[in-house]
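Along the sequence shown, residues carry numbers from 1.
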Amino acid sequence: MRRVVVTGMGAITPIGLNVDEFWSSVKASKVGIGPITQFDASEYKAKLAAEVKDFNAKDYMDPKTAKRMERFSQFAVAAAKEAIEQAGLDMEKEDPYMVGTAIGSGTGSLQTVERNKERILTKGPSRVEPLMVPMMISNMASGNVSIMFGLKGKSINVVTACASGTHNIGEAFRTIQYGDADVMLAGGTEAAVCPVGIGGFAALTALNTTEDPTRASIPFDKDRAGFVLGEGAGVMVLEELEHAKARGAKILAEIVGYGSTSDAYHITSPSEDGMGAATAMIKAMKDAGVTPAEVSYINAHGTSTHHNDLFETRAIKVAMGEVADSIPVSSTKSMVGHLLGAAGGIELITCIKSIEEGYIHENVGLKNVDDDPEFTLNYVKDHGIKADVDVCLSNSLGFGGHNATLVVRKFLA
């Protein structure tokens, strides 16, 4: 198997419009949640979201190109641009058919659907936007990144709801391992803060309805009451090790393991015994050749819903065995909300920054760990911690029973 390293990262998040801004906000325990501004949410059950602030697509592409993309695609292109620039990737020196994309989105553009449904009702079907379909469909994040940067290799969009970002990175990892590409732009993107998005998740009773941003996304807290919808993108450059060395790229970390399973249990709830997620972690660690005792940190899916946090806790205990309670666990969603298909990309970036800087962030807002006796893990609380971070696990679980885990470690030459 060929070794796969990370040489560039890009982020658009509710707490920063690039990786440096995002990570500085993470270390400051900044919460990017607030009242919804993208539409009038006064009649909706959920009135908070983690919105991206001050994003202007024209800062990343020309105005005409920006107009032909919806927000989720714009985010993906912006994050990919940052990742490519950090990696120093010069496409004029690459075989474009060996550079691909794997960028997922769980929903695509719900806004396009909303807008054109209204046109049909008020103006008739002849007034549907000519670009409705290519602006709506979720594969266009990967497609637009490919077009924008001339990436002619494999271009895919694995859609597994909230696990999409992690699955896309995992499949990009496998693509490079098996020699189908030398470089992959991989991650996830999402922009579903709109009436249908908020209304739909609220109807599932999945969203927290509090109006207090500091108590809205509180994974593992006994008062947790649902997730907060977020938006953004996390994209990284994955590269075959020798290819990266040959062009003198700075190596940020190495991806060493990937595990994927299905609960085959319920359309929205994880399996109660946690075995699906546990097996994904076990498979990923086996793939990586690491033991639970070597794991420095687990970035949990940690959505702040009752079921997820309990069942993921059970899963971690199964996968990690006797060392489970000693491994620091935290959820980046405590600051940025749930970015759906983009969550896995942002959370793996968090793991890589933790490795680079020896810092593990807290579960922001966690005041009282659930008093259920099962909640005995080392949920990072009150403040971040400085520690040597060598091996991280990043978990993602998606509606439909999709489970995915990535293992990333400090690069060892």
Side-chain angles (χ1 to χ4, degrees), residues 160-163 165-167 169-170 219-222 224 227 255-334 338 343-344 347-348 350-351 354 360 363 366 369-381 389-409:
T160 50
C162 312
T166 298
H167 272 123
I169 296 167
F220 310 111
D221 194 286
K222 70 176 184 178
R224 70 190 185 280
F227 71 80
I255 297 180
V256 290
Y258 169 48
S260 182
T261 65
S262 176
D263 288 333
Y265 172 70
H266 190 272
I267 57 173
T268 58
S269 172
S271 176
E272 293 186 14
D273 60 9
M275 283 306 300
T279 304
M281 285 183 263
I282 292 166
K283 284 176 174 285
M285 288 187 289
K286 181 179 179 182
D287 190 36
V290 303
T291 66
E294 294 175 273
V295 175
S296 310
Y297 168 55
I298 298 173
N299 189 290
H301 188 58
T303 61
S304 189
T305 63
H306 176 272
H307 282 7
N308 177 91
D309 295 2
L310 174 59
F311 303 158
E312 188 177 8
T313 289
R314 290 174 180 169
I316 290 170
K317 288 187 171 189
V318 171
M320 299 297 152
E322 61 184 16
V323 301
D325 289 354
S326 66
I327 302 170
V329 175
S330 64
S331 171
T332 309
K333 294 179 180 71
S334 62
H338 193 347
E347 289 158 13
L348 194 65
T350 300
C351 290
S354 295
I360 296 171
N363 291 283
L366 176 57
V369 174
D370 193 311
D371 52 15
D372 185 306
E374 293 191 63
F375 282 80
T376 61
L377 298 179
N378 181 15
Y379 311 104
V380 184
K381 185 175 176 287
V389 182
D390 295 315
V391 177
C392 298
L393 264 61
S394 181
N395 290 336
S396 292
L397 320 178
F399 283 176
H402 309 285
N403 306 302
T405 296
L406 290 165
V407 182
V408 61
R409 76 177 309 158

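The side chain to side chain donor-acceptor pair (under 3.5 Å) search around N378 returns none, not counting sequence neighbours. Annotation: side chain to side chain donor-acceptor pair (under 3.5 Å) contacts of S262 (sequence neighbours excluded): none. In this structure T313 satisfies the side-chain contact (heavy atoms from CB on, under 4.5 Å) test together with F220, K317, F375, L377, Y379, sequence neighbours excluded. Qualifying salt bridge (Lys or Arg N to Asp or Glu O under 4.0 Å) partners for E272, counting only residues two or more places apart in sequence or in other chains: none. Judged as a salt bridge (Lys or Arg N to Asp or Glu O under 4.0 Å), and not counting sequence neighbours, D263 has no contacts. Residues meeting the salt bridge (Lys or Arg N to Asp or Glu O under 4.0 Å) test with R409, sequence neighbours left out: none. Evaluation of the side chain to side chain donor-acceptor pair (under 3.5 Å) rule for S334 yields no partner, not counting sequence neighbours. Take T350 and apply the side chain to side chain donor-acceptor pair (under 3.5 Å) test, not counting sequence neighbours, and it matches no residue.
Taking every heavy atom of both residues into account, P328 and S296 meet most closely at CD-O, 3.2 Å. Summarising the geometry of P292 relative to I327, their closest heavy-atom pair is O-CD1, 3.8 Å, with the distance given to 0.1 Å. The shortest heavy-atom contact between V323 and A293 is CG2-N, 4.0 Å. Between A277 and N403, the shortest heavy-atom contact is N-ND2, 3.6 Å.
One N or O on the side chain of N363 and one on the backbone of V329 form a donor-acceptor pair closer than 3.5 Å. Judged by distance alone, the side chain of D309 and the main-chain N or O of G302 form no donor-acceptor pair under 3.5 Å. With hydrogens and angles ignored, the 3.5 Å screen pairs a side-chain donor or acceptor of T261 with a backbone N or O of G276.
Among residue pairs with one or both ends in residues 324-334, those qualifying as salt bridge (Lys or Arg N to Asp or Glu O under 4.0 Å) are K333-E347; sequence neighbours excluded. Pairs engaging residues 267-318 under the ring-ring contact (aromatic ring centres under 6.0 Å, His included) rule: H301-H338, H307-F311 [sequence neighbours left out].
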From CA spacing to verdict: side chain to side chain contact (heavy atoms under 4.5 Å, CB included), I169, L348: CA-CA 9 Å; I169 296 167; L348 194 65; 3.9 Å; yes
Could you tabulate the donor-acceptor pairs under 3.5 Å formed by side-chain atoms of residues 389-402, not counting sequence neighbours?
residue : atom : partner : partner atom : Å
D390    : OD1  : K410    : NZ           : 3.3
N395    : OD1  : T405    : OG1          : 2.8
N395    : ND2  : E312    : OE2          : 3.4
S396    : OG   : T166    : OG1          : 2.6

Sequence neighbours left out, cut at 3.5 Å: what donor-acceptor pairs do the side chains of residues 281-289 make with other protein atoms?
residue : atom : partner : partner atom : Å
D287    : OD2  : R174    : NH1          : 3.0
D287    : OD2  : R174    : NH2          : 3.2
D287    : OD2  : Y258    : N            : 3.1

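Counting heavy atoms from C-beta outward, I298 and I316 have side chains that approach closer than 4.5 Å.
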